[in-house]
Amino acid sequence: MKLYNTLTRQKDEFVPVEPGKVGIYTCGPTVYMFAHVGNFRAYVFSDTLRRVMDYLGYQVKHVMNVTDVGHLTSDEDTGEDKLEKGARQEGKTPQEIARFYEKVFFDDAARLNILTPHIVCRATDHIPDMIELVRRIEANGFAYRTSVGLIFDTGKYPEYAALSRLNLAEQQAGARTTVDPERRNPSDFALWITNQPKHLMQWDSPWGRGFPGWHLECSAMSIKYLGERFDIHTGGIDHVPVHHTNERAQNFAATGKEVVVRWMHNAFLVINDTRMGKSEGNLVTISELEKLGVAPLDFRYLCHTALYRMPLSYTAESLKSARNSLRGLVDFGRNAQVWPVKDPAWTEPFQREFKEAVADDLNIPQALAAAWNIVREGNQRQDRTAWAALLDFDRVLGLGLERLVGATPGIPDQVAELVAAREAARKSKDWAESDRLRDRIGELGFVVEDTPQGARVKPRP
RNA sequence: GGCGGCUUAGCCAAGCAGUAAGGCAGCGGUCUGCAAAACCGCUACACUCGGGUGCAAAUCCCGAAGCCGCCUCCA
C-alpha cells in the first residue's frame, strides 16, 4: 500500500517496522472544552487509517493521548494552563474538567463509530515517563536552563526545520509573541516549566517543582507504548510546524533516532471559506449537529467524500448531500438484504477496486465510488451479493450499515391505527378518506408507503 | 516576510499524462387510485486564466489571478 508522508512530501510504499504489524499514534484531544466537528474530522481520519490497516490484514496497535495538563493558552511557555483556565471559569478542579470533557469526547466519538484506540493514555498518568525522557534529552546535551525552566536547544538539531520545511533564517521570530531574551534560538521551547507558583498542577522534578511542556507527553507516551521506532504518527495539519516539529526534535535528542517513520496529517474542515475554530466563533459540536437534523454518521459519511489531505467544505448543502447519500445506502440495504444470492462472483472487480483505492493513501472517495457502482448493478441484478460486499466495505467505512438497516423506529399506536384505517379505506377504494388519513399520519411525523406487501410506515425525513 | 495548500458540472468531490469516478440536487420514464419509496435513463466537447514541453496535458514546467491555512492556542 502507498501512504503519504509529510516528512518526504510524497506518497511512498508502506513498509512496516515489524512485518505484519503497524503501530499508530494519534494526537488526541485536549480535554478542556467540547470537541467540534472540525476536530472530529481528524479522529475520523485516524480511525479510518486504523480500519484500513486492519482491512488489509495488518495487526494494528493504535495509541492515542488525552492531554489533561500542560497545554498553555499561549506558546510563550508562561501562559495559563488551558485546563486550569477552564477549571477556574467553571469553578471546578482541573481534573474534574478533564474527566468531564474526556467523557463527552469519547461519547461523541462512539456516536461517530470511531473505535476506541487500543491504548488511551492521559498525560497526567505519565509524568514519570516524561521526566525520564527529559533526563535523556538533557544528558545528551540538548537542554539548558533559564528562569522559565528547562529549555530545549533546537540549534543542536540540524534537522529541526525538515518536517515543516521552515526557513528559520527568514522566519520573523516573535512577530506575534514576545521574544524571550534568555532563549538561544527563537524556536527553542520548554521541556519542563518551573517558577509558576499559581499553577495548580505541579510535580517535583530534577529541575524543580513544575509541569511538563506540551510537546513532551506525545514523545514520552508514543515511545513508551510503540517503541523507539514506530510506523505512523497522525494529527491535524496545524501540528506540523510546532507540535510535531518539536516532538520530532525531542525524540531525536532522547534516542538519537528518527523515531517516527511516517507522519500523516489531515487537512481542515472548511466552513464558509474559513477554518472552524474557537477564535472564529463557528464551532459546531456533534450534539449541535443532531439539532440540525444531521446524524453523527451523516457527518462521518461527509468526511469520506473527500481525501483526508484535502480541505473539505462543510456547508448545510454538503451535509444534506451526505445525509441523503447515507440514506440511499441504507435504503438499498433494506431492499437488498432479502434478495437471493444469485452470482457470488460479480462484485469481485468492484471489491478489487475498493481495496486498491483504500490502499492508495486512503482514497475513500474512490472506494465509495466502487460501493455505489455495486449499488447500481446490484439493483439491476437484484442479488444479495451486493449487500454482502457493502457490509465488507463497511469494515473500513465504519458507517454501521447493518445496524442502520436493522433499526426499525417505533411506530406509535395512534399512527398504527391510522395506517390500518387507511388500509381499510383503500380496500374499499375510498380514495378521499385514504388521502385524508395519509395527511393525518403525515401531521404526526410519519410517512406511509404502499408496497405490494402492504403499507410501510417510517418517520418523516 | 517565511512555509504550505486549493481553484474540475447547480453543490460536494475523485482523477495527477492517453482522452472527465462517485454522490447530492435537477430533469425524463417505469411503478402507483393519486402519491411516496424504489428502480431505469439523462445531465461537464470540458477541468480559474495565459504561455510552454510532449504524439498526447485537467494531469508536467513557467507565469498570472482568486481563495485558504500555518508561522499565537488550534484537528
Side-chain angles (χ1 to χ4, degrees), chain A residues 6 9 26-30 32-33 35-46 71-76 79 82 85 161 164-178 186-187 214 234-243 245 265-270 273-280 301-302 304-307 309-329 331-332 334-335 353 357 363-373 375-376 379-380 382 426 429-432 434-435 438 442 447-452 456 458:
Chain A
T6 304
R9 304 287 162 103
T26 294
C27 261
T30 302
Y32 70 106
M33 63 174 287
H36 55 77
V37 291
N39 299 129
F40 276 110
R41 185 185 186 196
Y43 303 112
V44 169
F45 155 60
S46 57
H71 206 151
L72 300 177
T73 51
S74 86
D75 202 36
E76 298 171 51
K82 283 183 172 182
K85 187 178 179 194
S164 68
R165 314 247 158 142
L166 297 172
N167 184 341
L168 292 176
E170 300 296 327
Q171 288 267 90
Q172 291 188 339
R176 295 165 76 178
T177 58
T178 51
S187 51
W214 170 39
T234 77
I237 194 160
D238 54 315
H239 279 151
V240 175
V242 179
H243 183 46
T245 287
H265 296 96
N266 62 280
F268 281 133
L269 200 61
V270 174
D273 293 326
T274 182
R275 56 163 294 176
M276 180 177 287
K278 190 173 46 155
S279 38
E280 284 76 4
Y301 187 98
L302 177 66
H304 286 338
T305 64
L307 295 174
R309 287 191 284 122
M310 295 297 173
L312 171 60
S313 295
Y314 172 94
T315 63
E317 203 169 359
S318 69
L319 268 180
K320 192 176 163 197
S321 172
R323 186 190 62 180
N324 290 346
S325 299
L326 181 53
R327 275 183 195 167
L329 247 26
D331 283 340
F332 174 77
R334 289 220 172 87
N335 295 331
E353 185 188 342
N363 193 331
I364 307 301
Q366 183 111 50
L368 228 32
W372 282 103
N373 284 331
V375 168
R376 185 177 7 87
N379 269 319
Q380 287 162 3
Q382 304 271 298
R426 291 188 71 234
K429 299 196 189 298
D430 184 352
W431 309 127
S434 165
D435 291 347
R438 182 165 60 199
V447 199
V448 58
E449 295 166 3
D450 301 321
T451 73
R456 188 167 75 182
K458 64 180 188 185

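Naming: A, B, ... by sequence-line order, numbering from 1 per chain. Reckoned from all heavy atoms, side chains included, excluding hydrogens, waters and symmetry mates. A quick note: this is a predicted structure, and the numbers were derived from the prediction, not measured.
Listed pair A:Asn379 / B:C39 meets the phosphate criterion, a side-chain N or O lying under 4.0 Å from OP1 or OP2. A close approach under 4.0 Å does occur between a side-chain nitrogen or oxygen of A:Ser313 and OP1 or OP2 of B:A13. Of the side-chain N and O atoms in A:Asn335, none sit less than 4.0 angstrom from OP1 or OP2 of B:C39. Distances shorter than 4.0 Å separate none of the side-chain N or O atoms of A:Arg376 from OP1 or OP2 on B:G41. Between A:Gln380 and the phosphate of B:G41, there is a side-chain N or O to OP1/OP2 separation shorter than 4.0 Å.
Comparing A:Asp435 and A:Asn266 along RNA chain B, the residue whose closest nucleotide (by nearest heavy atom) sits nearer the 5' end is A:Asp435. Heavy-atom distances to RNA chain B give each of A:His243 and A:Arg438 a nearest nucleotide, and the one nearer the 5′ end belongs to A:Arg438.
Closest to the side chain of A:Val242, from the set B:C12, B:A36, B:C71, is B:C71. Of the candidate nucleotides B:G15, B:C40, B:C12, B:G15 has the atom lying nearest to any side-chain atom of A:Asn363. Side chain of A:Asn324, nearest nucleotide from B:A14, B:A36, B:A25: B:A25. The nucleotide whose nearest atom lies closest to any side-chain atom of A:Ala306 is, among B:C12, B:A14, B:G33, B:A14. Nearest to the side chain of A:Gln366, among B:G33, B:A37, B:G15, sits B:G15. With B:A36, B:G5, B:G22 as the candidates, the nucleotide lying closest to the side chain of A:Pro311 is B:G5. Here B:A14 is the nucleotide among B:A36, B:A35, B:A14 with the atom lying nearest to any side-chain atom of A:Leu307. In the set B:G33, B:A13, B:A36, B:A13 carries the atom at the smallest distance from any side-chain atom of A:Leu312. Here B:G4 is the nucleotide among B:G33, B:G4, B:C12 with the atom lying nearest to any side-chain atom of A:Arg9.
A:Asp450 comes within 4.0 angstrom of a base, heavy atoms only. Residue-level contact check: A:Ala42 touches the backbone only, with heavy atoms under 4.0 Å from sugar-phosphate atoms and none from bases. Among the atoms of the strands shown, only primed sugar atoms or phosphate atoms (P, OP1, OP2) are found under 4.0 Å from some heavy atom of A:Asp331. Base engagement by A:Val448 is indicated by at least one non-hydrogen atom pair under 4.0 Å involving a base atom. In this structure, A:Tyr43 reaches the sugar-phosphate backbone alone: every heavy-atom distance under 4.0 Å involves primed, P, OP1 or OP2 atoms, never a base. Within the 4.0 angstrom heavy-atom criterion, only backbone atoms of the sugar-phosphate kind lie near A:Gly235; the bases stay farther away.
Comparing the same atom, C1', in B:U59 and in B:U48 gives a spacing of 15 Å after rounding to whole Å. Between B:A56 and B:A17, the two C1' atoms lie 8 Å apart (nearest whole Å). For the P atoms, the distance from B:A25 to B:A65 is 39 Å, rounded to whole Å. Separating the P atom of B:G33 from that of B:A21 is a span of 39 Å, rounded to the nearest Å. Taking atom C1' on both B:A46 and B:A9, the two are 9 Å apart, rounded to the nearest angstrom. Distance check on atom P: B:C61 versus B:G1 gives 25 Å, rounded to whole Å. Between B:C11 and B:C16, the two P atoms lie 24 Å apart (nearest whole Å).
Rounded to an integer number of Å, the gap from A:Glu317 CD to B:G26 C1' is 12 Å.
In this structure B:A64 sits in a base pair with B:U48, meeting the Watson-Crick or G-U test at under 3.5 Å. Across every strand in view, B:A14 sits unpaired, with no contact that passes the Watson-Crick or G-U test at under 3.5 angstrom. Across all strands shown, B:G33 has no partner, as no Watson-Crick or G-U wobble contact with both distances under 3.5 Å is found. The partner of B:G54, taking Watson-Crick or G-U wobble pairs whose two distances both stay under 3.5 Å, does not exist in any strand shown. Base-pair partner of B:C3: B:G69 (Watson-Crick or G-U wobble, both distances under 3.5 Å). Under the Watson-Crick and G-U wobble criteria, each requiring two contacts below 3.5 Å, nucleotide B:G28 is paired to B:C40.
Lacking a ring centre under 5.5 Å from that of the base six-membered ring together with a plane angle below 30°, A:Trp372 does not count as stacked on B:G22.
Aromatic rings from A:His239 and A:Trp214 are positioned such that their centres are separated by under 6.0 Å.
Using a 3.5 Å distance cut-off with no hydrogens or angles, the side chains of A:Asn373 and A:Arg376 do pair a donor with an acceptor.
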